[in-house]
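All remarks here apply to the structure that follows.
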There are 2 protein chains.
Amino acid sequence: MPPVSDSISEKLEQVQAGRESRGQRTRLGLQEAALRLLGHDKSFSSLSLREVTREAGIVPTAFYRHYQTMEDLGQDLVTDSFRTLRRMIRSVRSEGLPDGNVIGRTVETLVKHVHANRMHFQFIARERYGGYSSLRVSIQQEIRAFGADLATDLARFPVLDRWDADSMEMLTTLMVNAMVSIAEQILDAPQNDAAAEAEIVRRAERQLVFISLAVPAWRPIKAAK
Amino acid sequence: MPPVSDSISEKLEQVQAGRESRGQRTRLGLQEAALRLLGHDKSFSSLSLREVTREAGIVPTAFYRHYQTMEDLGQDLVTDSFRTLRRMIRSVRSEGLPDGNVIGRTVETLVKHVHANRMHFQFIARERYGGYSSLRVSIQQEIRAFGADLATDLARFPVLDRWDADSMEMLTTLMVNAMVSIAEQILDAPQNDAAAEAEIVRRAERQLVFISLAVPAWRPIKAAK
DNA sequence: CCGGAATGTCAACACTTGTTCACATTCAGG
DNA sequence: CCTGAATGTGAACAAGTGTTGACATTCCGG
């Protein structure tokens, strides 16, 4: 169970022998090198091709065997990062219907996954509004898709299944924004500071509880269609 | 009434003659040049010293007469951007107590000011989670301060004046996040597309109304102090 | 008006960058 | 096994970068 490469191995469907080809391996190496460099303060857009290849232990020209430009590498990172995100929400969904406090469990899993995929989340946070515009729109699209997923999940709740699409979208964007904010706070908090992190979690849960309080009071205009 | 320089002229209190000194002028020129370049897709961190001086119509070495490093220029831009933000909230506050729908007026003023200071807001959005870490923390501090301002404003409302500080902070961060999100959406929307913008405003108002619906249901634990 | 501080200019440096080309190595399949 | 494709390597280029030092200009206060 290699810790990272499985996210890649899913990608190649036509390679019958489970081993990744050499190309795929260094391709992955480039992605990991970029993520590693991103941790150290810089943003992806201010990351040079040579820097990445150097970190990946490869000569600059070899880069072109895999990507035409740095922007393409970024695209790969976007899709990969959101693959892990989707996996997360899938795991939450599979834990059955709301029995305990859903909010607490959701926040907990979110935090756990942010830690497990720290660099991917960092990349997303940094590129969401900075750097290459193509990456920006990709990220926005993926976030919207994530919100849609969340909507189908929420539709299984007692009251919400009667809501119109517009109201649903409003609620999900509100929650997605909250979750994004949580992830960013976790990333900015000092690592291995359990107290600070607990405080963040506490506040996040209070926020979500507060939001949920508005649900019964909302009158979704279903006839407006 | 020079459109931009007034935000700077406030700065110099010891210059008695209303005219800015040559130094202040080119200093301002550098800031404007940076903002101008930022509009064209790049982020501040991936902006070279020479690029800025070139845009400002100045030789690279002259830069050092005003700033020690690009990061310092960024700091100036941060404080300047938030000066306009504070001015905005002040204007909303001075419009008297809540008579009409507060939410509508707030969103409207926000959108107006985003347009009036488009490049400043763009800078903030881009650097909030990218690039130089020193700028990141400055921005976070300023945003927190903005939330505190909002809290004192909200404390004049009937119900909220009984809330404890913790609950107040939760509410303000929720609203600030919403406003930040609005600003970012406005920035990303195609300019001069009134329809798209109206849609954004509509959604934003619905979100804020929704949030406000939770207020009566919330039980602030004041004794928890 | 004049002398010193503030500001701006020019030339040069040592580096890094993206991209190219020709050449070496590795690999997979007939 | 051997051939062609995939992948990696090395040298070289033109251009851009941050920073330095010495020199010119502008400006303001005594």
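Proteins get letters first, then strands, A, B, ... in listed order; numbering begins at 1 in each.
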Rounded interatomic separation in angstrom, taking [atom1] from [X] and [atom2] from [N]:
X	N	atom1	atom2	result
A/R27	D/dA6	CZ	P	14 Å
A/F63	D/dT9	CZ	C1'	17 Å
B/H66	C/dA6	NE2	P	12 Å

Task: Validation row, ring centre B/F44 to ring centre B/F123 under 6.0 Å - done: yes
- [ ] Classify every nucleotide of nucleotides 12-28 of chain C by which part a protein heavy atom approaches to under 4.0 Å, writing B for the base, S for the sugar-phosphate alone and - for neither, in 5'-to-3' order.
- [x] B----BBBBB----S--
Open item on the list: Show me the pairs that pass ring pair (Phe, Tyr, Trp, His ring centres under 6.0 Å) and involve residues 179-210 of chain B, at least two apart or across chains.
Closed with: A/W218-B/F210
- [ ] Would you check if B/T69 and B/Y132 make a side-chain contact, meaning some heavy-atom pair closer than 4.5 Å?
- [x] no
Open item on the list: Could you work out, with side chain to side chain donor-acceptor pair (under 3.5 Å) as the rule, every residue matching B/D166, not counting sequence neighbours?
Closed with: A/R202
Task: Electrostatic pair A/E55-A/R36, nearest N-O below 4.0 angstrom - done: yes
